[in-house]
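Okay, so here's the structure we're looking at.
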Amino acid sequence: MTEERKKPVNRRGFLKGAAAAGAATLAGAAESGARAAPAPAVAPPPMSPEAESAAPQELEVLTAETSGSDFMVDVLRALDLEYVCSNPGSSFRGIHEALANYAGGPGPEFITCTHEESSVAMAHGYAKIEGKPMAVMAHGTVGLQHAAMAVYNAYCDRVPVYLILGNTLDASVRRPGVEWVHSVQDAAQMVRDYIKWDDTPVSLEHFAESAMRAYMVAMTPPMGPVVLVADSELQERPLESRDHLTVPRLTRTTPPQGDSAAVEEAARLLVTAEFPVIVADRAARTAAGMEGLVELAETLEAAVIDQGGRMNFPSRHPLNQTARARAALAEADVILGLEMTDFWGRTHAFRDQIHRTWRSIIRDDARLISINSGDLATPSNYQVFQRYTEVDLAMAADAEATLPALTEAVRRRLDGDRQRVLDERRDALAGAHRDIHERVRRDAAYAWNASPVSTARLSAEIWNQVREHDWSMVVGSGNSLSQWPQRLWRFDRHYQRIGESGGYGVGYGAPAAVGAALANRRHGRLSVNIQNDGDLMYGPGVLWTAARYRIPLLTVMHNNRAYHQEVMHIQRMANRFERGIENAGFGNTLRDPDIDFAKVAEGMGVYSEGPIERPADVAPALRRAIDVVRNGEPALLDVVTQPR
Amino acid sequence: MKGLIALPMATLVLGAGSPVQETAVGDREAGRLAYVESGCSACHGLQGQGAGNTGSRLAPDPIPFPAFSAYIRQPTGNMPPYTAAVLGPDALADMYAFLESIPDPPDADSILPAP
């Protein structure tokens, strides 16, 4: 039992001297049948200066020197948490105040967010650049409810987020009204299906240990969000002594590596294959992961398809066959899937017609190998695991951690004869890469001068302006841009692309971009976000956070004035049922009035221009906006674009 | 449900039952409007430039009109079908005229940095 729990006088209103009077009042009230707080019936008269300076005889103690929150902040300081994103809330006012005033050391910096979804999505983007979690503080009730979708995205995307929830468990001390409705028996319950771990500590020592465990669990592949509930009584109760409290050392796990026999078998299959193909999704957690994949691919001279969940492989590497993935897969006799979210979807074609049909797009005799840490933690309720895939050799392990051993095993099996075959394969793949890139360039030219601006033109113009800088595309590589940046830009550093939302929960883009840009700021990188209009409308307030904390971020709107994916779905339904094919925009467009995003941004204190409708106006506006960003501020350009 | 083997598109186009016009004489401006109103632009772009997996490139130089109209009526891939009940033959001809009128793009090397 810890020190502060042994003290009998540890309630908020603990009394010295005045206790007797208070108790008497309470007793009297109880006797008369009414329940009342031990407070005077009338306000005490103002004290005279003499009375104020005189030594009080018996006074209610209303202050204390330190509290559980100070200790909690020391625990957080031991956790390598640089920032805490939060929309302020009373259930964690203790920690909040301690972050402001407790001088035990440099704290995690408090970043004010205007919505809990923004807080979590910022942490999501940050973690993918920085490789470690950011803390988020929120109410255990309404705050977490706001945050839930973003938590789901992070979970699906296997990204660590460190959530601290305020709550008041002890019903006997809750303030009437708000504090009751902001209290919950089991705060984490509503997100427990899509987090990795949670705990509700009942003592400070318990808090400290669980805080360490939460970090460790979040950072162990498959990574994910964790929840630590900080009870308000624990936070606010005065701390008499720290003698029995310790801040434990953080234990860090090493990620699970594939079983050595399986690694050997995988190497054998890959070396003997005529046309091995590597498909990587959330494989490269760090820059070392990307280097490891390049090494394996070059050792094998194998085709690589980057699914884009992370920046796995340089986009212009001759072995990169992403732009001709279907052709490469059709030829493959061995396919190595690394941290695949949807191996089945990658190896099948699905037809969304009135009768849903599918077919395999790979050879019947193709052998599938998988290295996937996701296999270590398959959830039940949420169907994030995708369709069952018949895999010949499945390693429940972390791909990045397994790559060096696999490459080594491949090397050991290569001899001169095999090497000649591999060299020929490399030349053929390099030729195919060149050809497909030429085609991509030709394709980008179609509708070059169209207004609204084509997504290819938008992507090309941005590329033209950022390529000379040390840039990082924090958001914008998705399908809504027809994959133009992936196809056109030269990505060769790990931080240049960080994948997408994971859960396809719209509203991820803007806050994740701000969080990633915050991480990039220290490295002096130019962060670029190609921002969908519908996505920004979920939480435009995060633009204010970017302005408030001087987060340099170039946001270029891909403003097609619609929830365009849904337009296409309604089109499909209308065609299928042979009616109203001209009504696909019903309820799906963001027009009348058109949203003036430049004004929205301006109102948040962000430099902005737009709407830009003529393609020739994009480049000069980009140059002006990049100047602003290079000077350490966010900027937004509203470009009106083609649908996809 | 069983997986279907999709036939190569050409086979289906030739085999499509509905009679198709051999040539098209359409009205470009009416075609442009029909192309947008019918939602083609949503997947293929306002100038038929294509959009990755969302819709293939249609212009300039659209595929021959018989294959064009046959595909729209009875797509073999993911594209939603446009039956005659919702899209008449005139509209198809007009759209085709519109797509044919789209000019060639600039040379990639003149607008993009070297590969």
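First the proteins, then the strands, lettered A, B, ... as listed; each starts at 1.
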Contacting moiety of B:D107, where chain A heavy atoms sit under 4.5 Å: neither
How long is the straight-line distance from CG of A:D352 back to CE of B:M79, given to the nearest 0.5 Å? 14.0 Å
On a heavy-atom basis, the closest approach of B:L112 and A:L488 is CD1-CD2, 4.3 Å
Taken to the nearest 0.5 Å, the spacing of A:E578 CD from B:T83 OG1 works out to 3.5 Å
Whether over 12 other heavy atoms sit under 6.0 Å from B:R28 CZ: no
Heavy-atom pairs under 4.5 Å with chain B, option from A:Q353, A:E582, A:R576 with the top count: A:Q353
Which bit of B:S41 comes within less than 4.5 Å of chain A, counting heavy atoms only: side chain, backbone, both or neither? backbone
Interface moiety of A:R490 toward chain B, non-hydrogen atoms closer than 4.5 Å: side chain
Are more than 12 heavy atoms from other residues, nucleotides or ligands located less than 6.0 Å from atom CZ of A:R467? yes
Count the heavy-atom pairs under 4.5 Å between each of B:A34, B:G77, B:G52, B:G39 and chain A, then report the option with the highest count. B:G77
From A:Q483 atom CD to B:T54 atom OG1, the distance as rounded to the nearest 0.5 Å: 9.0 Å
Most contacts with chain B, counted as non-hydrogen pairs under 4.5 angstrom, among A:W448, A:W463, A:W484: A:W448
Close side-chain approach of A:R441 and B:D109, heavy atoms under 4.5 Å: yes
Interchain contact, A:R434 with chain B, by part (heavy-atom threshold 4.5 Å): neither
CD (A:E390) with more than 12 external heavy atoms under 6.0 Å: no
Distance, nearest 0.5 Å, that separates CG of B:N78 from CZ of A:R572: 5.0 Å
Write out, in numerical order, the residues from residues 584-592 of chain A with a heavy atom short of 4.5 Å from a heavy atom in chain B. none
Within the distance-only criterion (no hydrogens, no angle test), does the side chain of A:R442 pair as donor or acceptor with the backbone N or O of B:P105 below 3.5 angstrom? no
What's the shortest heavy-atom distance between A:R351 and B:T76, and which atoms? NE-O, 2.9 Å
Whatever's closer than 4.5 Å to a heavy atom in chain B on A:L481 counts as neither
If you tally heavy-atom pairs under 4.5 Å between each of B:L87, B:I111, B:D104 and chain A, the highest tally belongs to B:I111
Above 12 or not: heavy atoms from other molecules or residues under 6.0 Å from OH of A:Y504? no
Non-hydrogen atoms of chain B under 4.5 Å away: do they reach the side chain of A:E461, the backbone, both or neither? neither
Sequence neighbours left out, cut at 3.5 Å: what donor-acceptor pairs do the side chains of residues 42-50 of chain B make with other protein atoms?
{"residue": "B:H44", "atom": "ND1", "partner": "B:S56", "partner atom": "N", "Å": "3.4"}
{"residue": "B:H44", "atom": "ND1", "partner": "B:S56", "partner atom": "O", "Å": "2.7"}
{"residue": "B:Q49", "atom": "OE1", "partner": "B:Q47", "partner atom": "N", "Å": "3.1"}
{"residue": "B:Q49", "atom": "NE2", "partner": "A:Q642", "partner atom": "OE1", "Å": "2.9"}

Value rounded to 0.5 Å, distance of CZ in A:R644 from CG in B:N53: 11.5 Å
